[in-house]
Structure formats: C-alpha cells, structure tokens
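Because the structure is predicted, anything quoted here is derived from the model rather than measured. In each ligand, atom 1 is the first atom listed, and ligand 1 is the first ligand listed.
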Amino acid sequence: MEFVTQLGELRDRRAALPGAVGLVPTMGALHQGHAALVEQARRECAHVVVTIFVNPLQFGPSEDFTRYPRRMEEDRELLEGLGVDIVFAPEATEMFPQPPDIIVEPAALGRYFEGDRRPGHFRGVATVVLKLLNAVQPEHAYFGQKDAQQLAIIQRLAFDLNIATKIHACATVREADGLALSSRNVYLSETERHAAPNLVAALREVVTRLGEGESDVTRVLAGARQRLAPLREDYLGVVDPAKFEPLRTAPPGTTLVAIGAAFAGATRLIDNLTVQTPAEREMVKR
Ligand code: AMP
C-alpha cells in the first residue's frame with residue numbers, strides 16, 4: 001500500500017494502476033462503516049484508493065474541526081489489511097494552497113435539513129469531493145447511505161457536471177443496538193451512548209407507520225418524536241431522496257427516506273432509513 005500526501009505523486013501513482021479504480025473518500029478515524037465501503041470497492045474494482053482528509057471547508061466556525069478524531073496510524077493499519085492500493089492523506093495546505101475562489105454550491109438539494117443546520121457544509125463537501133474526483137479520476141466512487149443528503153448531492157454533482165465516475169451508495173453499518181457507526185460516536189459518554197439508539201428507534205417508528213399506509217407525515221413525526229428523549233431533536237423529516245424537501249404527505253407507492261438529527265449531550269447524531277409506502281388502495285385516510 002502506498003501512502004501519499006502530495007497531489008503530484010498521487011497523479012503519478014494512480015496513472016500507473018492498470019485496471020479500474022474505486023475511490024472511497026473519508027475523513028479518517030475509520031470504523032466498520034468505512035471498511036464496508038472499502039470492501040465493496042475491493043470486490044468491484046481492480047484497485048482501491050482511499051482518501052483521508054478532514055476537510056476544513058465543510059466545518060462551520062462553531063463546529064468540531066479541531067477536535068475531530070484523527071487516528072492516522074490505526075487507519076493505515078486497517079486499510080493495509082483491507083488490501084487498499086493507495087491512501088491519499090494530504091495536509092490542508094496541499095488541497096488548498098490558497099483559499100478557493102471557485103466553489104461548487106448545491107442549490108435546492110442543500111436547502112433543508114443538514115444544509116439549513118450547517119450553512120456552507122454542502123458547499124465544502126461538494127467542492128472537496130469534486131477536487132478528489134479530479135485528482136484521482138476513479139471509474140467508481142463509494143459513499144455511505146448514512147449521509148443520505150450528502151449522497152444525493154454527490155449523485156447530482158456527478159450528473160450535473162458530467163463526471164464520468166459511477167457513484168455507488170453503500171448501506172449503513174450499525175452497532176448491535178441499531179446506532180449507526182460514526183467517527184463522532186467516540187464523543188459519547190456512557191449515558192449518551194445508551195440513549196443514542198433512540199434516534200434510529202424514532203426513524204423506525206416513522207418507517208412502520210408510513211409502511212402501514214398512514215400518509216399524514218406531520219402526525220407520524222409527532223408520534224416518532226416521543227421516542228427521542230433524552231436526545232434533543234434537531235430535525236425529523238420525510239423526503240423524496242431525489243429532492244430532500246420536507247414532505248407533509250407521503251404519496252402512495254413511493255420510496256421515501258425518513259431522516260433525523262438529534263443531540264446526545266453536545267454530540268450531534270444523524271441517521272436515516274428508507275421506506276416504501278404502500279399502493280394507493282392501502283393508504284389510511286383520516
Ligand atoms: P466520513 O469519514 O464520516 O466523512 O465518512 C466517509 C464515508 O463513509 C461517507 O461516504 C459516509 O457516508 C460513509 N459512512 C460513514 N459512516 C457510515 C456507516 N455507519 N455505514 C456506512 N457508511 C458510512
């Protein structure tokens with residue numbers, strides 16, 4: 001496995017790879033969710049490139065950029081064991097020798113939910129993902145469903161900007177009690193960790209009720225909200241995954257995503273679950 005920190009060297013080493021390349025962009029502090037992305041890339045591509053970059057552009061001024069977990073040695077060991085060809089782990093000055101003048105700004109897809117709560121976040125994500133795609137020029141790139149709105153934006157980025165890389169979505173990897181794996185879970189105290197699965201419990205309630213044919217999203221969310229305590233809600237919503245706008249009514253016979261963000265103490269958790277609503281004749285009208 002090559003460990004590379006410079007863009008020039010990355011370009012040379014990537015050019016020397018003879019077969020199809022799969023890219024897995026990460027911010028490091030790797031866990032089994034990241035490993036699942038790498039394993040999928042490993043199965044589907046001749047070569048795998050993983051990037052580790054804690055992207056300053058996607059953190060707000062009051063967010064956890066400086067204290068975001070960094071564990072380069074452990075990450076390298078894990079990736080070596082997974083058969084990764086190249087790890088690209090640039091310093092911020094390598095990616096941004098100057099503050100960028102040209103940025104990628106998602107519009108409607110980044111308006112609500114994460115985009116509303118974290119102004120500038122998706123601009124930072126989209127700009128850096130485009131830079132990484134340009135630097136690596138992979139045939140395939142792998143992203144987690146865990147960050148559903150980010151995934152929708154990256155799929156749209158590839159479509160709108162004619163990026164040839166095929167974007168793959170990978171299922172969310174969870175702890176036994178349902179909590180989605182996240183690098184930020186290390187922030188949780190024991191009590192917070194115990195409460196953290198309430199977020200997925202609330203989302204499961206949304207999935208159950210919409211799946212049973214209840215179409216009034218406002219009412220369904222009010223019920224699901226009861227499951228969150230002692231977590232503090234940031235948002236709960238139901239969206240069409242191609243739009244990411246809050247829905248009041250769940251249309252019959254569609255695939256929707258229940259999304260949520262909640263605080264366990266100072267730590268912000270996000271999660272989502274896919275739901276298929278039943279055909280019209282099975283919808284509950286009240
Ligand atoms: P991050 O390092 O948090 O920026 O995440 C890097 C990639 O891993 C993103 O595409 C995430 O969506 C994905 N990811 C993070 N957590 C999980 C998880 N629990 N299951 C699957 N993918 C994940």
Heteroatom distance test ([X], ligand 1): nitrogen or oxygen, under 3.5 angstrom:
X	value
Val173	yes
Met27	yes
Phe143	no
Gly144	yes
Asp147	yes
His34	yes

Across all chains, not counting sequence neighbours, the ring-ring contact (aromatic ring centres under 6.0 Å, His included) partners of Phe263 are none
Under a 3.5 Å cutoff, is there a donor and acceptor pairing between the side chains of Tyr235 and Glu114? yes
Donor on one side chain, acceptor on other, Tyr187 and Asp64, under 3.5 Å: yes
Residue list, side chain to side chain contact (heavy atoms under 4.5 Å, CB included) with Arg111, at least two apart or on another chain: Ala108
Under-4.0 Å heavy-atom contact with ligand 1, by part of [X] that carries it:
X	value
Arg174	neither
His31	side chain
Ala36	neither
Ala29	neither

